[in-house]
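Scroll down for the structure; my scribbles are underneath it.
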Amino acid sequence: MVRGIIIPAGELEPLVGAEFAKLGDYQRVVGGWIEAVDIPDLNATLYVNEEGLLRGLPFNRRATFLWWFHVPASRGRGRLVGNAALVGGVNSAGNSTDLSPAVSKLLIGSEECNVSTREPDSKRWRAEPEPHEDYLEAIIWATLLQEYVPGLQVRVTSTSDIQRE
């Protein structure tokens with residue numbers, strides 16, 4: 001049994017924890033054949049519908065921006081559609097693993113997050129004035145900032161991390 005998260009394409013649907021025992025479990029979530037999209041930064045893999053674009057499935061903004069933020073080379077090269085299943089990376093035997101508890105908490109937790117930016121030649125980080133409601137909303141903003149201001153460095157931190165400093 002592999003533990004992960006379902007990221008629905010529907011904006012108003014919450015992310016939910018899920019367990020995947022076999023291929024059919026992934027296929028039920030995505031509605032068809034699966035395609036793996038790796039996010040090495042998080043030691044994670046997103047599974048999406050292999051024919052999603054051809055079938056006109058709805059854009060999955062949260063899954064796409066999660067991929068774009070952690071795999072910058074993917075920006076503008078593709079978008080993810082339909083529901084997605086997020087699990088841990090693949091082990092040496094080629095099997096999916098559990099999504100790490102830290103990543104699960106980051107995505108399912110309802111903790112506010114801040115976006116900070118830094119110009120390439122600066123040592124000083126500048127925090128955005130208002131926090132974002134959760135990690136996914138923060139990385140969407142951070143990714144857009146990087147697209148509009150090439151070379152800008154961004155980081156996303158939870159507001160509780162900042163309060164501990």
Does [X] belong to the same Ile/Leu/Val/Met/Phe/Trp/Tyr cluster as [Y], with side-chain heavy atoms less than 4.5 Å apart forming each link?
X	Y	result
Val71	Leu106	yes
Val90	Val29	yes
Leu80	Tyr26	no
Ile140	Ile5	yes
Tyr47	Leu23	yes

Does [X] have more than 12 heavy atoms from other residues, nucleotides or ligands lying within 6.0 Å of its [atom1]?
X	atom1	result
Trp125	CH2	yes
Arg126	CZ	no
Arg61	CZ	yes

Over all atoms of both residues, closest heavy-atom pair of [X] and [Y]:
X	Y	answer
Leu152	Glu119	CD1-OE2, 3.7 Å
Val30	Leu57	O-CD1, 4.4 Å
Asp98	Val2	OD1-CA, 3.3 Å
Gln153	Arg118	OE1-NE, 2.7 Å
Leu86	Ala44	CD1-CB, 3.8 Å
Thr45	Gly89	OG1-CA, 3.8 Å

Can you check whether [Y]'s main-chain N or O pairs, donor with acceptor, with [X]'s side chain at less than 3.5 Å?
X	Y	answer
Arg62	Pro8	yes
Asn60	Gly82	yes
Arg155	Asn114	no
Asp134	Leu136	yes
Asn83	Ala9	yes
Asp25	Ala21	yes

Could you measure the distance from the [atom1] atom of [X] to the [atom2] atom of [Y]? Nearest 0.5 Å is fine.
X	Y	atom1	atom2	value
Arg75	Phe65	CZ	CZ	9.0 Å
Ser116	Glu128	OG	CD	8.0 Å
Thr97	Asn91	OG1	CG	6.5 Å
Ser74	Asp38	OG	CG	11.5 Å
Glu137	Glu112	CD	CD	12.0 Å

Taking side chain as C-beta onward, heavy atoms only, is [X] less than 4.5 Å from [Y]?
X	Y	result
Val156	Trp141	no
Glu50	Ile34	no
Phe69	Val154	yes
Thr117	Val149	no

Review point. Would Ile139 and His132 satisfy side chain to side chain contact (heavy atoms under 4.5 Å, CB included), going step by step from the backbone distance to the final call?
Key: CA-CA 9 Å; Ile139 65 167; His132 296 268; over 6 Å; no
Exercise for review: Any chance you could lay out the side chain to side chain contact (heavy atoms under 4.5 Å, CB included) test for Phe20 and Ile6, step after step, and finish with the verdict?
Suggested key: CA-CA 10 Å; Phe20 304 92; Ile6 297 171; 4.2 Å; yes
Practice item. Report the C-alpha separation of Leu42 and Leu66 in whole Å, then their side-chain angles, then the decisive distance to 0.1 Å, and conclude whether the side chain to side chain contact (heavy atoms under 4.5 Å, CB included) test is met. Key: CA-CA 10 Å; Leu42 298 176; Leu66 181 67; 4.0 Å; yes
Check your understanding: Should the pair Phe59 and Trp68 be assigned to parallel (<30°), tilted (30 to 60°) or perpendicular (>60°) ring geometry?
Key -> tilted
